[in-house]
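What follows is one structure encoded as structure tokens, with my remarks underneath.
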Amino acid sequence: MSDAWPTTVAEAEAEQDRLRARVDLTDSPAPPRTVAGLDVAYADGDERLVAAVVVLDAATLAPVDEAVTIGRPAFPYVPGLFAFREIPALLDALDRLTTRPDLLVCDGHGLAHPRRFGLACHLGVLTGLPALGVGKTHLTGEWSMPGERRGDASPITLDGVTVGTVLRTQDRVRPVFVSPGHRISVAGATAQVLALAPRFRLPETTRAADHACRAALAGRTR
DNA sequence: GCGACAG
DNA sequence: ATCTTGTCGC
Ligand SMILES: [Mg+2]
């Protein structure tokens, strides 16, 4: 057991600093045929949580596979260390899929992170799959509000380096924060998210995963 | 010392 | 993330 799951903030931060060297920001030659959305829902009182992964056909956005799993938070919520809380359950759900998605769309940031290794980078590196992050709010980095039309965007920078994009996916609707996780570029991640959000603020992948884990937590299976 | 702080 | 009622806009 060379490496157990981190228990302290120091251990978790060290793990991020160690793994971030494996991040690859190169786009894949071929566009993804299937895209997966991942999300987690938490129970009120107890420590239960449900992780869900829903795979959609990238062209039609129709669901082609889905998996859910029950688990426990693997780490307390600490801004910057959020990934350590949900990753075990998410990996569990990914293992239950009957297909291998070409891209993971994570609910949280990727490169736009204090140590440039947010959830999307972490999940991408551990699975080896292309991954990107979509945050509903800002975490870190300098940014400015983009124009008010769908497609308008502005960069998120850290030390002068562009690590992501503030992207408006719908006219006059609050923008989302996009950043690459693994095996994708800032521009590539931004284009993918815009294509995945033709009608609503959040990507269809995120919406599908959100609905799936909430439904499972509510009690039903399907 | 005082804000900011993914989900 | 989750707890919450009504309210505004398409
Ligand atoms: Mg979430």
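- A straight line from CD of A:Gln16 to P of B:dA6 spans 14 Å, rounded to a whole angstrom.
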Q: Test A:Leu94 against A:Thr127 for side chain to side chain contact (heavy atoms under 4.5 Å, CB included), laying out the working first.
A: CA-CA 9 Å; A:Leu94 280 169; A:Thr127 61; 3.9 Å; yes
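- For the pair A:Lys136 and B:dA6, the criterion of a side-chain N or O lying under 4.0 Å from OP1 or OP2 is not met.
- Across all strands shown, A:Leu119 has heavy atoms under 4.0 Å from base atoms, whether or not it also approaches the sugar-phosphate.
- Counting non-hydrogen atoms under 4.0 angstrom, A:His138 reaches the backbone sugars and phosphates but no base.
- Rounded to whole angstrom, the span from the NE2 atom of A:His109 across to the P atom of B:dA4 amounts to 16 Å.
- Note on A:Thr137: every side-chain N or O is 4.0 Å or more away from OP1 and OP2 of B:dC5.
- The residue A:Gly118 sits close to a base: some heavy atom pair falls under 4.0 Å.
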Q.
Checking A:Arg116 against A:Leu158 for the side chain to side chain contact (heavy atoms under 4.5 Å, CB included) test, could you report, in this order, the C-alpha distance in whole Å, the side-chain angles of both residues, the deciding distance, and whether it holds?
A. CA-CA 9 Å; A:Arg116 290 193 175 76; A:Leu158 281 178; 3.8 Å; yes
Q) Hey, mind stepping through A:Leu167 and A:Val193 against side chain to side chain contact (heavy atoms under 4.5 Å, CB included) and telling me if it holds? A) CA-CA 9 Å; A:Leu167 178 67; A:Val193 171; 4.0 Å; yes
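- Side-chain heavy atoms closer than 4.5 Å link hydrophobic residues (I, L, V, M, F, W, Y) into clusters, and following such links, even through other members, never connects A:Val186 to A:Leu104.
- Side-chain polar atoms of A:Thr206 and A:Asp107 form no donor-acceptor pair below 3.5 angstrom.
- A heavy atom closer than 4.0 Å to some atom of DNA chain C occurs in A:Ala41, A:Tyr42, A:Asp44, these being the qualifying members of residues 34-48 of chain A.
- Geometric assessment of A:Arg207 against the ring of A:Phe200 yields a positive cation-pi assignment under the 6.0 Å and 45° thresholds.
- One interatomic measurement links the two molecules: CZ of A:Arg85 to P of B:dA6, which rounds to 13 Å at whole-angstrom precision.
- A donor-acceptor contact shorter than 3.5 Å is absent between the side chain of A:Thr162 and the backbone of A:Gly164.
- Rounded to whole Å, atom P of B:dG7 lies 23 Å from atom CZ of A:Arg72.
- One interatomic measurement links the two molecules: CD1 of A:Ile156 to P of B:dA4, which rounds to 18 Å at whole-angstrom precision.
- Protein chain A touches strand DNA chain C; the 5'-most and 3'-most nucleotides with an atom under 4.0 angstrom of its non-hydrogen atoms are C:dA1 to C:dC3.
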Q | Pairing annotation in dot-bracket form, given for DNA chain C with Watson-Crick or G-U pairs under 3.5 Å and | for cross-strand partners | A | ..........
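- Here the C1' atom of nucleotide B:dA6 and the CD1 atom of A:Ile87 are 13 Å apart, to the nearest Å.
- Under the 4.0 Å criterion applied to side-chain N and carboxylate O atoms, A:Arg172 and A:Glu148 are assigned as salt-bridge partners.
- Taking 4.0 Å as the cut-off between side-chain N and carboxylate O, A:Arg168 and A:Asp152 do not count as a salt-bridged pair.
- Note: A:His122 and A:Phe84 have perpendicular aromatic rings, judged against thresholds of 30 and 60 degrees for the angle between ring planes.
- Using a 4.0 Å heavy-atom distance criterion, A:Gly80 is classed as a base contact.
- Among the nucleotides B:dA6, B:dC5, B:dG7, the one closest to any side-chain atom of A:Asp107 is B:dG7.
- Look at CH2 on A:Trp143: it is 13 Å from P on B:dA6, rounded to the nearest Å.
- Within the nucleic acid shown, A:Leu90 has no heavy atom closer than 4.0 Å to any nucleic acid atom.
- A salt bridge is defined here as a Lys NZ or Arg NE, NH1 or NH2 lying under 4.0 Å from an Asp or Glu carboxylate O, and A:Asp171 with A:Arg149 meets this definition.
- When rounded to the nearest whole Å, the span between CZ of A:Arg116 and P of B:dA6 equals 18 Å.
- Between A:Asp39 and A:Arg214 there is no salt bridge, since no side-chain nitrogen of the basic residue lies less than 4.0 Å from a carboxylate oxygen of the acidic one.
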